[in-house]
Chemist: 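Handing you this structure, nothing more for now.
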Amino acid sequence: MERWQQAMEIIKRISKEGDKAYLTGGAVRDKLLGKEPADIDIASSVSAEKLEKIFGRTVPAGNRKETFLIFPFGEPVEITKLKGSTIEEDLALRDFTCNAAAVDTAENVIDPFKARKAISEKILHPVVSAEKTFKDDPLRLIRAVRLSVKLQFSLSREIITSYKQMSGLIKQTPAERIYLELSKLGRHQITKSDWVNVYPLLKQLPLGLFEDTSLYEGLLKITPVFTPEQWWTVILYGNSAVWPGRALPKKILKHVRKTHSFLSEDRWDNMAFYEAGRTVIQSAVLIKLLKGESFAEDPLLQFDRLPIHSVRDLKVSGRDLLHMESREIGRTLSILEKAVVTGKVSNDRKKLITYIEGENQ
């Protein structure tokens, strides 16, 4: 059974028990676009207790206990408490008109805010006003950009006009939510025309995005597909803001900082390549290409030609050094790493042992 059919079955079961239930949000939008919805959102007047009685297991989602997950077909389905006494009141609180339609148990489309018109014209409009949309949830400043890229919709004139005036509101949003929304944006293929439209808007947000404007022309020419690490390395290049340190996962934050540090080095030699690692080099190369720089030799090929790529590649290990004090073993392996990478000794067990014996005399 397809997700849409599953969702229809769910709202019919709730309706039979005497409560209102509707399909809403992105699921309805995607259906109107002729796509199979990936996620299902349901708005209902049903209580949490009754929901559990109908479907068994329920899991609260969020802090306000207005949204629950149910699992009637295995995959989680999100059910949110209807806001207001009618579905029309609920839809009035949505972010953009393309998301402000609902479907009832008879599959009638409830469309008080002209969602179908916005979808057919491929324009992102606020439901009531751009000012209200952004004040109700400032994260919508980023979501507007993301949806325009994802759906290939233009932003309405009202949204573009209000964006600069409202952009400061993003400071009210927890850094973790900003991180998640920007990460979703980075997963899309951003075309040249997308960059022309969204880059100036992202620059207006007081988040320190694209501080180094030298990347812009490269983004238009290359239009890269980013890994998560590359995405954050690019949009935070030159960034001095505090919020990324609070929001980014440690792995990505470490990668961003390590790449920026690698880019600041005067010379990329074998030791610099070794300490950076392949993924950092990939991100650094992308930054340089976006800035219009070129290479006499591919840095990734130079990295691949290194005699070792980690201490585990050494032909000796801690077991060969057990005659040493434990605190000396790590220091010795570091000496051997550097010696092999810089070409002072080949990665041969006997030669490595001889080399370290000479170093210790």
Side-chain angles (χ1 to χ4, degrees), residues 95 124 130 133-134 137-150 153-155 159-264 280 282-292:
D95 49 8
L124 207 65
T133 289
F134 296 142
D137 183 0
L139 189 67
R140 291 171 176 174
L141 289 156
I142 302 175
R143 189 173 299 144
V145 169
R146 179 177 67 81
L147 287 176
S148 73
V149 172
K150 176 184 177 179
F153 281 21
S154 300
L155 295 172
I159 287 178
I160 293 172
T161 302
S162 299
Y163 206 93
K164 185 174 184 179
Q165 179 186 354
M166 298 286 109
S167 61
L169 295 174
I170 198 67
K171 292 181 179 179
Q172 302 172 13
T173 305
E176 293 78 10
R177 293 187 70 210
I178 293 172
Y179 163 74
L180 291 173
E181 194 67 29
L182 284 172
S183 292
K184 290 178 183 178
L185 172 60
R187 290 197 284 269
H188 298 304
Q189 170 66 66
I190 306 177
T191 65
K192 178 178 179 179
S193 59
D194 289 332
W195 280 119
V196 169
N197 294 322
V198 307
Y199 180 90
L201 299 178
L202 293 173
K203 283 281 294 175
Q204 289 177 32
L205 299 173
L207 298 174
L209 305 178
F210 303 105
E211 285 281 308
D212 191 317
T213 57
S214 65
L215 304 184
Y216 179 62
E217 291 299 324
L219 290 169
L220 296 182
K221 291 177 182 177
I222 300 174
T223 60
V225 176
F226 301 96
T227 66
E229 290 81 7
Q230 289 171 339
W231 169 248
W232 283 100
T233 299
V234 168
I235 69 173
L236 293 180
Y237 187 60
N239 182 286
S240 57
V242 175
W243 75 266
R246 299 196 304 266
L248 271 63
K250 289 181 180 179
K251 179 183 176 183
I252 291 181
L253 185 63
K254 181 180 178 181
H255 177 92
V256 170
R257 288 174 173 170
K258 193 172 180 180
T259 304
H260 292 173
S261 175
F262 180 61
L263 284 162
S264 69
V280 166
Q282 286 175 320
S283 294
V285 166
L286 176 58
I287 291 286
K288 283 187 171 289
L289 291 174
L290 290 174
K291 294 176 76 172

Chemist: Are the side chains of W232 and T227 in touch, meaning some heavy atoms are under 4.5 Å apart?
Modeler: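 No - every pair of side-chain heavy atoms lies 4.5 Å or more apart.
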Chemist: Where the side chain of N239 meets the backbone of L207, is there a donor-acceptor pair that is under 3.5 Å apart?
Modeler: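 Checked: pair present.
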Chemist: Check V149 against Q189 and note the closest heavy-atom contact, atom names and distance.
Modeler: CG1-O, 4.0 Å
Chemist: Does any part of the side chain of P224, heavy atoms only, come nearer than 4.5 Å to the side chain of I190, both counted from C-beta?
Modeler: no
Chemist: Any idea which heavy atoms bring I159 and L124 closest together, and the distance?
Modeler: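 Nearest heavy atoms, I159 then L124: CD1-O, 3.3 Å.
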Chemist: Is the shortest side-chain heavy-atom distance between I170 and I142 below 4.5 Å?
Modeler: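 A side-chain contact under 4.5 Å exists here.
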Chemist: Just how far is it from atom CZ of R143 to atom CG of L141, taken to the nearest 0.5 Å?
Modeler: 10.5 Å
Chemist: To the nearest 0.5 Å, how far apart are OG in S154 and CD1 in I160?
Modeler: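 The OG atom of S154 sits 8.0 Å away from the CD1 atom of I160.
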Chemist: Is a side-chain donor or acceptor of H260 paired with a backbone partner of T233 at a separation under 3.5 angstrom?
Modeler: yes
Chemist: Rounded at 0.5 Å granularity, tell me how far OH in Y179 sits from CG in L248.
Modeler: 6.0 Å
Chemist: Could you grab the distance from atom CG of D194 to atom OG of S148, nearest 0.5 Å is fine?
Modeler: 6.5 Å
Chemist: Are F262 and K258 packed together at the side-chain level, in the sense that at least one heavy-atom pair is separated by less than 4.5 angstrom?
Modeler: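 Not in contact.
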Chemist: Would you give the length of the straight line joining atom CZ of F226 to atom OG of S283, rounded to the nearest 0.5 angstrom?
Modeler: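 Between atom CZ of F226 and atom OG of S283 there are 10.0 Å.
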Chemist: Using side-chain contact (heavy atoms from CB on, under 4.5 Å), reason through V196 and Y216 one step at a time and then give a plain yes or no.
Modeler: CA-CA 9 Å; V196 169; Y216 179 62; 4.0 Å; yes
Chemist: So, does D212 use its side chain to make a donor-acceptor pair with the main chain of Y237 at under 3.5 Å?
Modeler: no
Chemist: What orientation do W195 and F210 show, parallel under 30°, tilted 30 to 60°, or perpendicular over 60°?
Modeler: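 Rings of W195 and F210: perpendicular, as their planes differ by over 60°.
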Chemist: With a 4.5 Å cut-off on side-chain heavy atoms, are L215 and K291 touching?
Modeler: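 When only atoms from C-beta onward are counted, L215 and K291 do touch, with a gap below 4.5 Å.
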Chemist: Do L263 and K288 have side-chain heavy atoms sitting under 4.5 Å apart?
Modeler: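 L263 vs K288: side chains touch.
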Chemist: With heavy-atom distances below 4.5 Å as the criterion, would you say the side chains of L205 and I178 are in contact?
Modeler: no
Chemist: Checking the side chain of W231 only, and the main-chain atoms of L185 only, is there a donor and an acceptor separated by less than 3.5 Å?
Modeler: no
Chemist: Measuring only between side-chain heavy atoms, which start at C-beta, is T259 closer than 4.5 Å to Q282?
Modeler: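 No. Closest side-chain heavy atoms not under 4.5 Å.
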Chemist: Under 3.5 Å, side chain of S261 to main-chain N/O of R257, donor-acceptor pair present?
Modeler: no
Chemist: What heavy-atom pair brings K203 and L209 nearest, and what distance separates the two atoms?
Modeler: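 Answer, listing the atom of K203 first, then L209: CD-O, 3.5 Å.
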Chemist: Grab the two heavy atoms, one from L253 and one from G245, that are nearest each other, plus how far apart they are.
Modeler: CD2-CA, 3.9 Å
Chemist: Please find the pair of heavy atoms, one from P206 and one from G168, that lie closest to each other, and give the distance.
Modeler: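 So the minimum-distance heavy-atom pair works out to CG-CA, 4.1 Å.
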Chemist: To the nearest 0.5 Å, how far apart are CZ in R146 and CG in L139?
Modeler: 8.5 Å
